[in-house]
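In what follows, a single structure is set out as structure tokens and then discussed.
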2 protein chains.
Amino acid sequence: MSTIDEVAFLAKVSVATVSRVINNNTNVSPETKERVLNAIARLKYQPNAMGALLRKEHTGMILILLHSVDNPFFSPIVQGIEYFAQSNGMNVLICTTYGDKNRENHYLDLLKSHFVDGLLLITNTLTCEELNELNRNYPVVQVVEYLPDCDASYFSIDFYQAAFSLVERLIEKGHHDIAFIHAGLADIVSTKKKYQAYCDALKKHNLEPIIEDISEHAFGYESGRTMTRELLKEHPSITAFFATSDLMACGILDELRDQGFKVPQDKSIISFDNTIFSTLVQPNLTSVDVNGFQLGYQSLEYLKKRINDKKFTDKLEVFLPYVIHERESS
Amino acid sequence: MSTIDEVAFLAKVSVATVSRVINNNTNVSPETKERVLNAIARLKYQPNAMGALLRKEHTGMILILLHSVDNPFFSPIVQGIEYFAQSNGMNVLICTTYGDKNRENHYLDLLKSHFVDGLLLITNTLTCEELNELNRNYPVVQVVEYLPDCDASYFSIDFYQAAFSLVERLIEKGHHDIAFIHAGLADIVSTKKKYQAYCDALKKHNLEPIIEDISEHAFGYESGRTMTRELLKEHPSITAFFATSDLMACGILDELRDQGFKVPQDKSIISFDNTIFSTLVQPNLTSVDVNGFQLGYQSLEYLKKRINDKKFTDKLEVFLPYVIHERESS
DNA sequence: ATTATACCTGTAAACGCTTCCATTTCTCAA
DNA sequence: TTGAGAAATGGAAGCGTTTACAGGTATAAT
């Protein structure tokens, strides 16, 4: 590995001049620049990032914390983030926590040690206090999921409104017994909002919620299947299912098929996320698209502002528009 | 931000001692350690990573280059990598190129500037020469896909053998007209091997390949659909489809359904990847599982050896075992 | 000819940490 | 009592950059 000194020596200039050439600084004569460039090429010189970054205020790295990469729901969000990053000379560090607090803390050290300039929290296991503490000292933005009463800004959609209108549509079509299929109500704000909207919409029309009180259920397909099975045992009158994710909706669908029901003739399904799963299964699923790309893009856009202006710490609570895709399942 | 000097001053020790405490070095008396720890706590001191890393040989960061995160096929690979990383105090930088050479080069600079210690190439657009050059100077390992005649090591599976035995099973079941649905044969080694095996297996039984000569086709669902449509027009006698990915197989499935065919009664499908898609659609797909987790895990394990021992540069060509999941589609 | 200005270049001081080496102090065996 | 070895600590030299500052030269204006 050659260093800037060797380049300077070979080009017969000072290291300052080499640095100027590397950073496209003006005030370097064409001939000198030429000489330096030649020396760089001859030595195959690559500036050492650590040396440079030690002197600079920022590293240009952003940390994304999410549960795992295997949920296609996150894909457009990450794409939006990356698109903005790409256009703004930033790099993105995607780190998966699998809901493990150790891993999360491990990665948060990257923020605290100034390895990264800011944090995009797509999912987290932090308490409100922890997040506040973090937000006080470092640029942090929550994406999609958020802690409602926390000081940290977030970009999300109005899950309540989306869920409410979805349920009302079902009711208008004559459904009375609508089940709520979810992955635990405890922590996640999106699920909470959906549940609240579901209850409110039913109450408005004097209907009763049908829901299983689960303690700890997994996300995903299997979970949708088992909950459907359980609920149908107790409430055979159910004609519609509200799934909090379309992967769960896939589980519902398969369980219904196995039990001999037709969708949407016998039972309807509505869901969230509008991932590729929605259109991969038969029938296609009615699903809410949260416009993850925009969510990701704008989150980083705002985070960048926070990074560049320490004084700019206003809490932002942004709800972007969503789109309901009505398909065959309802 | 407080620095190590301030901590040293407050604790009335030298910076050397503070550094020893931070790095859990021995040879620090309990009382001194206590004092330093107190000072650290009082100042909320966080060591600056850049300062430390400038002095150290390695950063503990690994770069993963892949096309995009929205293919569930990559998920277990990444998980395997992360699992090893986690257990070995390394960090993983997941970067998506979307097949864009600019983005790729941008990220490769992280390697060249020693921001990361090594590179795991899951997909790439590099030529063999470029990769050789890279491999000569930095620790690089290819995962799943690889350039066969390159100097860089790789961990993959024997796609040829897997494909060959799949096709033979179809032939044994009486299929004669077997179509090959792919996303372009040009670059990707896995597709090339599959195609070669497909042809060889057919030839062995005196059968003719059925394939569309495409120039530039997209991966994925849509592509599977259109190719199926085209091929069936010309070759209505086709009774089985070999899909190079299970997402394409999903496209085939839907196209067949739309045309009124039943799977597997009228037509059979076999595919690769064994992602969640394989079991999400009806009927479930016969698919080859490449054991991505092991592939990822062992790749990083080997990469780590290369990082720690510059002299260790033997080319490794590793084929791990795969599993064929026979399901309803064939 | 003189001065002001713009442009180019170099010197050297950071940036925040680790670690080699030297020094001091302490413990224990001879 | 002495000396050797171990343990604890500090001094200071880097690691490879960037950049403030200063100096030097050429050009243009007076």
Side-chain angles (χ1 to χ4, degrees), chain A residues 1-40 43-61 89 109-117, chain B residues 1-40 43-61 89 109-117 137-138:
Chain A
M1 280 311 305
S2 46
T3 68
I4 199 172
D5 299 84
E6 304 177 44
V7 175
F9 179 80
L10 185 59
K12 299 191 207 306
V13 295
S14 71
V15 292
T17 300
V18 178
S19 176
R20 289 189 188 101
V21 172
I22 294 167
N23 297 290
N24 278 315
N25 213 306
T26 53
N27 291 349
V28 178
S29 74
E31 306 86 57
T32 310
K33 187 169 182 175
E34 176 76 13
R35 255 198 351 272
V36 171
L37 254 19
N38 275 336
I40 288 176
L43 292 172
K44 293 193 181 180
Y45 166 68
Q46 284 285 150
N48 179 305
M50 295 306 151
L53 292 177
L54 182 54
R55 278 303 305 263
K56 297 193 173 163
E57 197 179 355
H58 299 308
T59 65
M61 301 285 288
D109 281 344
L110 295 176
L111 183 67
K112 295 177 182 167
S113 67
H114 296 264
F115 200 97
V116 299
D117 298 335
Chain B
M1 281 310 307
S2 45
T3 68
I4 199 172
D5 299 84
E6 305 176 43
V7 174
F9 179 80
L10 185 60
K12 299 191 206 306
V13 295
S14 71
V15 293
T17 301
V18 178
S19 175
R20 289 189 189 102
V21 172
I22 294 167
N23 297 290
N24 277 315
N25 213 305
T26 53
N27 292 349
V28 178
S29 74
E31 308 86 57
T32 311
K33 187 169 182 176
E34 177 76 13
R35 255 197 354 270
V36 171
L37 255 18
N38 276 336
I40 287 176
L43 292 173
K44 292 192 181 182
Y45 166 69
Q46 283 285 149
N48 179 305
M50 296 306 151
L53 292 177
L54 183 54
R55 282 302 306 264
K56 298 193 173 165
E57 196 179 358
H58 300 308
T59 65
M61 301 285 287
D109 281 344
L110 295 177
L111 182 67
K112 295 176 182 167
S113 66
H114 296 264
F115 199 97
V116 299
D117 299 334
N137 299 298
Y138 310 95

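Every chain is numbered from 1 and lettered A, B, ... according to where its sequence line falls, protein lines coming before strand lines.
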Exercise for review: Provide, to the nearest angstrom, the distance between the NZ atom belonging to B:Lys12 and the C1' atom belonging to D:dG10.
Suggested key: 16 Å
Review point. NA contact type, A:Ser29, heavy-atom cut-off 4.0 Å: base, sugar-phosphate, or nothing?
Key: sugar-phosphate
Review point. Does some side-chain heavy atom of B:Leu111 sit less than 4.5 Å from a side-chain heavy atom of B:Asn137?
Key: no
**Study point:** Side chain of B:Ser19 (C-beta onward), nearest among D:dA8, C:dT18, C:dG10
**Key:** C:dT18
Review point. Roughly how many Å is it from CZ in B:Phe115 to P in D:dC15, rounded to a whole number?
Key: 21 Å
Practice item. For B:Ala52, report the nucleic acid contact type (base, sugar-phosphate, nothing); a contact means any heavy atom under 4.0 Å. Key: sugar-phosphate
Check your understanding: Is B:Val18 touching bases, backbone alone, or none of the nucleic acid, heavy atoms closer than 4.0 Å?
Key -> nothing
Review point. Using a cut-off of 4.0 Å on non-hydrogen atoms, how would the nucleic acid contact of A:Lys33 be classed: base, sugar-phosphate, or nothing?
Key: nothing
Check your understanding: Does some side-chain heavy atom of A:Thr32 sit less than 4.5 Å from a side-chain heavy atom of A:Val13?
Key -> yes
Practice item. For A:Gln46, report the nucleic acid contact type (base, sugar-phosphate, nothing); a contact means any heavy atom under 4.0 Å. Key: sugar-phosphate
Review point. Is there a side-chain polar atom (N or O) of B:Thr3 under 4.0 Å from OP1 or OP2 of C:dC15?
Key: no
Check your understanding: On a plain distance test, is the side chain of A:Arg55 in donor-acceptor contact with the base of D:dG16 below 3.5 Å?
Key -> no
Check your understanding: NA contact type, B:Asp5, heavy-atom cut-off 4.0 Å: base, sugar-phosphate, or nothing?
Key -> nothing
Practice item. Would you indicate, yes or no, if D:dT18 has its OP1 or OP2 atom less than 4.0 angstrom from a side-chain nitrogen or oxygen of A:Asn23? Key: yes
Study note, to complete from the structure: Looking only at C:dT18, C:dA12, D:dG11, the nucleotide nearest the B:Ala16 side chain is D:dG11
**Study point:** Any A:Asn27 side-chain nitrogen or oxygen under 4.0 Å from OP1 or OP2 of C:dC8
**Key:** yes
Review point. Do any side-chain nitrogens or oxygens of B:Thr17 fall under 4.0 Å of OP1 or OP2 in D:dG10?
Key: yes
Check your understanding: In whole Å, what is the span from the CD atom of B:Glu34 to the P atom of D:dA8?
Key -> 16 Å
Study note, to complete from the structure: Of C:dC17, C:dC20, D:dA12, the nucleotide closest to the side chain of B:Val15 is D:dA12
Practice item. Give the angle between the helix axes at the two ends of the helix from C:dA1-D:dT30 to C:dA30-D:dT1, taking five base pairs at each end and rounding to 10°. Key: 40°
